[in-house]
Undergrad: 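Below is the structure I would like to discuss, written out as structure tokens.
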Amino acid sequence: MPEFVLPAGWTSRTLAAVRRKLLAWFDAHRRDLPWRADRDPYRIWVSEVMLQQTTVAAVVPYFERFLASFPTVAALAAADEQAVLRHWEGLGYYRRARHLHRAAKDLAAAHGDALPDDPAVWAELPGVGPYILGAVMSQAFDRKLPIVEANSLRVLSRWFGYRGDPREGAGKKWVWKAAAAVLPTARVGDFNQALMELGALVCSPTAPACGTCPVAKWCEANRLGLQAQIPPATKAKKTVEVREVAVVIRDGAKVLLCRRGPDASRWANMWEVPHGEAVAGETVEAAVRRVARELTRLDVTSGPELVTIRHGVTRFAITMTCLEAIRKAGTYHSDFYAEGRWVDPHDLKDYPVSSPQRRLADELTRASRQLRLI
DNA sequence: AACCCGGGGCG
DNA sequence: CGCCCAGGGTT
């Protein structure tokens with residue numbers, strides 16, 4: 001695939017005209033979003049992290065709450081990590097929050113509350129890749145750095161009629177070159193946001209509104225009628241089935257949670273096992289029974305809760321047999337492991353989790369109450 | 001290059 | 001139910 005070159009017939013004046021057109025459209029149609037109120041690099045940074053793989057509508061309330069609790073980078077740096085993670089519950093991709101917190105500590109220690117106008121500093125921060133670097137630098141400091149994300153990728157490849165896959169290999173290079181080539185020398189941040197805003201509001205993945213697009217008359221995909229083919233559809237991801245088991249029997253000690261790989265017969269890993277090392281090759285059921293027996297000194301013969309997880313979608317097939325076994329022991333109760341922490345079933349009622357998890361939580365809570373375990 | 005991470009919205 | 005979303009890190 002060729003490197004980025006302007007289409008035949010384009011001059012620097014054409015490019016300048018298109019830039020003006022897009023910026024004017026942005027001025028008229030930009031959404032009023034909370035992180036667009038000013039050019040505070042901290043607010044912009046937080047918004048960009050939240051917006052990773054997450055829709056604008058989903059982010060807005062989280063952004064408001066987060067900024068109310070952690071209004072400055074110093075406030076975030078001083079916060080407890082569990083407090084930060086609680087503000088993230090329901091957003092997903094929790095590593096983003098940990099990286100953000102860690103990076104805030106680094107920045108606050110080195111620069112206080114005055115975030116540096118220095119790409120080299122930002123590029124070293126955990127969780128800051130090429131996109132967030134360009135986004136923060138251009139929006140907060142008007143530095144001339146490009147951004148490429150799902151929207152601008154679609155806009156640019158349609159605009160210039162790129163026929164390869166701009167997400168991989170040579171296509172990735174091409175789209176970053178294109179994003180850099182179209183940048184104006186002023187209002188860089190606005191221009192980057194205009195590309196994304198156009199992708200979000202007009203140049204949508206399916207059925208783009210080319211009739212109202214401010215740059216349609218310079219768009220190769222529009223001219224050739226190839227909007228549906230550019231960019232090419234993403235390859236379907238293989239569905240991997242994983243079986244997980246979560247059990248804890250608390251008597252001062254916690255036992256837990258292993259995960260089986262696709263072969264569904266062996267332990268893939270153990271996440272936290274203060275008690276109950278799994279023997280290699282031991283089945284889930286056998287190990288949990290053995291550990292439960294050791295802790296309760298009762299003969300626990302029934303199996304554990306089984307949790308089936310498919311890619312991206314979580315489905316549960318639950319048996320409450322282990323809970324019943326615990327009830328027989330009389331003095332124990334169960335906990336549930338969710339989003340990286342141990343959660344008491346009682347607290348799961350208000351825990352922000354997806355609906356399948358919610359059903360599991362409700363079931364556990366109900367069962368626990370009936371069994372007077374709490 | 002392939003894979004992992006999460007949850008919601010939408011057709 | 002399957003695809004998509006203001007990506008980055010790890011292997």
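To find a chain, count down the sequence lines: A is the first, B the second, and so on, and within it residues start at 1.
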Undergrad: Nearest of C/dA6, C/dG9, C/dG8 to any side-chain atom of A/Arg36?
TA: C/dA6

Undergrad: B/dC3 P sits how many Å from A/Arg167 CZ, rounded?
TA: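 Atom CZ in A/Arg167 sits about 16 Å away from atom P in B/dC3.
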
Undergrad: Let me know, please, whether A/Trp35 or A/Gly127 comes out on the 5' side of the other along DNA chain C by nearest nucleotide.
TA: A/Trp35

Undergrad: Using whole Å, report how far CG of A/Leu133 lies from P of C/dG7.
TA: 15 Å

Undergrad: Considering only B/dG6, C/dC4, C/dA6, which nucleotide approaches the side chain of A/Arg96 most closely?
TA: B/dG6

Undergrad: Counting only side-chain nitrogens and oxygens, does A/Arg154 get under 4.0 Å of the OP1 or OP2 atom of C/dC5?
TA: yes

Undergrad: Does C/dA6 have its OP1 or OP2 closer than 4.0 Å to a side-chain nitrogen or oxygen of A/Gln52?
TA: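 Looking at the OP1 and OP2 atoms of C/dA6, neither is under 4.0 Å from any side-chain N or O of A/Gln52.
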
Undergrad: Could you tell me whether a side-chain N or O of A/Asn192 sits under 3.5 Å from a main-chain N or O of A/Leu145, the two making a donor and an acceptor?
TA: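 A pair under 3.5 Å: yes.
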
Undergrad: Could you pick out which residue, A/Thr55 or A/Pro130, lies toward the 5' side of DNA chain C when each is mapped onto its nearest nucleotide?
TA: A/Thr55

Undergrad: Output the single nucleotide from C/dG7, C/dA6, B/dG7 whose closest atom is nearest the side chain of A/Tyr94.
TA: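 It is B/dG7.
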
Undergrad: Scan side-chain atoms only and decide if A/Tyr131 and A/Glu48 contain a donor-acceptor pair under the 3.5 Å cut-off.
TA: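 A/Tyr131 vs A/Glu48: donor-acceptor pair found between side chains.
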
Undergrad: Starting at atom CG of A/Leu153, determine the distance to atom C1' of C/dC5, rounded to an integer number of angstrom.
TA: 12 Å

Undergrad: Measure the distance from CG on A/Leu198 to P on C/dA6 and round it to the nearest whole Å.
TA: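 Going from CG in A/Leu198 over to P in C/dA6 covers 13 Å.
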
Undergrad: Please indicate whether A/Arg102 has more than 12 foreign heavy atoms, meaning atoms of other residues, nucleotides or ligands, lying under 6.0 Å from its CZ.
TA: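 12 or below, so no.
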
Undergrad: Could you please name the option among C/dA6, C/dG7, C/dC5 that lies closest to any side-chain atom of A/Val56?
TA: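 The answer is C/dA6, which lies nearest to the side chain.
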
Undergrad: Less than 4.0 angstrom from a charged side-chain N to a carboxylate O is my criterion; do A/Glu197 and A/Arg31 meet it?
TA: yes

Undergrad: Aromatic ring centroids of A/Phe160 and A/Trp10 under 6.0 Å?
TA: yes

Undergrad: What interatomic distance, in whole Å, is found between C1' of C/dT10 and the corresponding atom of B/dG7?
TA: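 One C1' to the other, the span is 22 Å.
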
Undergrad: Which part of the nucleic acid, if any, lies within reach of A/Ala150 when heavy atoms closer than 4.0 Å are counted: base, sugar-phosphate only, or nothing?
TA: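 Sugar-phosphate contact only - A/Ala150 comes under 4.0 Å of backbone atoms but never of a base.
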
Undergrad: Is there a donor in the side chain of A/Arg96 and an acceptor in the side chain of A/Thr54, or the other way round, less than 3.5 Å apart?
TA: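 Note: A/Arg96 and A/Thr54 side chains meet the donor-acceptor criterion.
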
Undergrad: Any base atoms under 4.0 Å from A/Val59, or only sugar-phosphate, or nothing? Heavy atoms, all strands.
TA: nothing

Undergrad: If we take the C1' atom in both C/dC5 and B/dC5, what is their distance in whole Å?
TA: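 Taking atom C1' in both C/dC5 and B/dC5, they lie 14 Å apart.
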
Undergrad: Looking at every strand, decide which applies to A/Ser47 at a 4.0 Å heavy-atom threshold: base, sugar-phosphate, or nothing.
TA: nothing

Undergrad: Starting from C1' on C/dG8, measure out to CZ on A/Arg98 and report it in whole angstrom.
TA: 16 Å

Undergrad: What distance, rounded to whole Å, do you find between the two C1' atoms, one in C/dA6 and one in B/dG11?
TA: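 Looking at atom C1' only, C/dA6 and B/dG11 are 23 Å apart.
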
Undergrad: Just to be sure I understand the rule, does A/Leu91 reach a base, reach only the sugar-phosphate, or reach nothing, if contact means heavy atoms closer than 4.0 Å?
TA: base

Undergrad: Heavy atoms from C-beta onward define the side chain here; which of C/dC5, C/dG8, C/dA6 lies closest to that of A/Glu149?
TA: C/dA6

Undergrad: Which whole-number value in Å describes the distance from A/Ile44 CD1 to C/dG7 C1'?
TA: 18 Å

Undergrad: Could you tell me how far apart A/Met50 (CE) and B/dG8 (C1') are, to the nearest whole angstrom?
TA: 16 Å

Undergrad: What nucleotide among C/dA6, B/dC5, C/dC5 has an atom nearest to a side-chain atom of A/Tyr93?
TA: B/dC5

Undergrad: Between A/Asp40 and A/Arg43, does any NZ, NE, NH1 or NH2 come within less than 4.0 Å of an OD or OE carboxylate oxygen?
TA: no

Undergrad: Which nucleotide wins on minimum distance to the side chain of A/Pro205, given the candidates B/dG6, C/dG7, C/dC4?
TA: C/dC4

Undergrad: Of A/Ala57 and A/Gln53, whose closest DNA chain B nucleotide lies nearer the 5' terminus?
TA: A/Gln53

Undergrad: Using atom P of each nucleotide, how far apart are B/dG6 and C/dT11 to the nearest Å?
TA: 16 Å

Undergrad: How many whole angstroms separate atom NZ of A/Lys172 from atom C1' of C/dG8?
TA: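 Distance, rounded to whole Å: 11 Å.
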
Undergrad: Does A/Ser152 put a side-chain nitrogen or oxygen below 4.0 Å from OP1 or OP2 of C/dA6?
TA: no

Undergrad: Decide yes or no, distance alone: a donor-acceptor N/O pair under 3.5 angstrom between the base of B/dG8 and the side-chain of A/Thr54.
TA: no

